[in-house]
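Read through the structure below, which is laid out as structure tokens, and then see the notes.
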Amino acid sequence: MHVATEMNGTTKFSPVVEGNNRACDILEHVYRALQAKGYDPVTQLVGYIISGDPTYITSYNQARSMICRLERDEIVEELVRIYLQGLDRG
């Protein structure tokens with residue numbers, strides 16, 4: 001992620017696109033893995049985002065190693081983007 005400050009003092013984040021490991025694809029994979037193992041994906045993801053502790057994410061189907069490829073701010077950014085897109089559709 002690139003950070004720039006505009007003339008009016010507003011800080012702007014610009015995402016850095018990296019390969020095929022898009023945040024939305026990784027989040028979907030992790031979501032499915034957590035569901036498959038019987039965990040509440042929302043609770044587990046919140047625990048991970050707040051604490052940074054990867055043990056909140058199951059290692060099943062490489063979900064833990066995949067989510068560790070993302071910075072936590074990338075995860076939050078993607079979740080906010082998805083939420084706001086849903087508002088536009090609703």
Judged by modelled atom types alone, do Y48 and Q44 share a side-chain donor-acceptor pair under 3.5 Å?
no

Please give me the minimum heavy-atom distance between Q35 and P41, naming the atom from each residue.
CG-CG, 3.6 Å

Distance, nearest 0.5 Å, that separates CD1 of I67 from CD of Q62:
14.0 Å

Where do L84 and D88 land on the side chain to side chain contact (heavy atoms under 4.5 Å, CB included) test, with the steps shown first?
CA-CA 7 Å; L84 294 177; D88 285 341; 5.8 Å; no

Separation between CG of L34 and OH of Y60, rounded to the nearest 0.5 Å
11.5 Å

What pair of heavy atoms forms the shortest contact from S51 to Y56, and how long is it?
OG-CE1, 3.2 Å

Under 3.5 Å donor-acceptor, E74 side chain and E71 backbone:
yes

Please name the residue in the list I49, L45, V46 that meets the side-chain contact (heavy atoms from CB on, under 4.5 Å) test with L79.
I49

Taking atom CG of D73 and atom CD of E78, what is their separation to the nearest 0.5 Å?
12.0 Å

Take L27 and Y31 through the test side chain to side chain contact (heavy atoms under 4.5 Å, CB included) and record every step on the way to the result.
CA-CA 6 Å; L27 283 169; Y31 173 80; over 6 Å; no

Cluster question for you: counting only ILVMFWY and a side-chain heavy-atom cut-off of under 4.5 Å, with indirect links fine, are V76 and L87 together?
yes

Applying the 4.5 Å side-chain criterion to the ILVMFWY set and letting contacts propagate, would V80 and V30 be lumped into a single cluster?
yes

Within the side chain of N61, is there an N or O that forms a donor-acceptor pair under 3.5 Å with the backbone of A63?
no

So how far is it from I57 CD1 to K37 NZ, rounded to the nearest 0.5 Å?
14.5 Å

Honestly curious: do L70 and Y83 fall in one hydrophobic cluster under the side-chain, below-4.5 Å linking rule?
yes

Can I26 and R22 be said to form a side chain to side chain contact (heavy atoms under 4.5 Å, CB included), step by step?
CA-CA 6 Å; I26 291 173; R22 295 180 343 140; over 6 Å; no

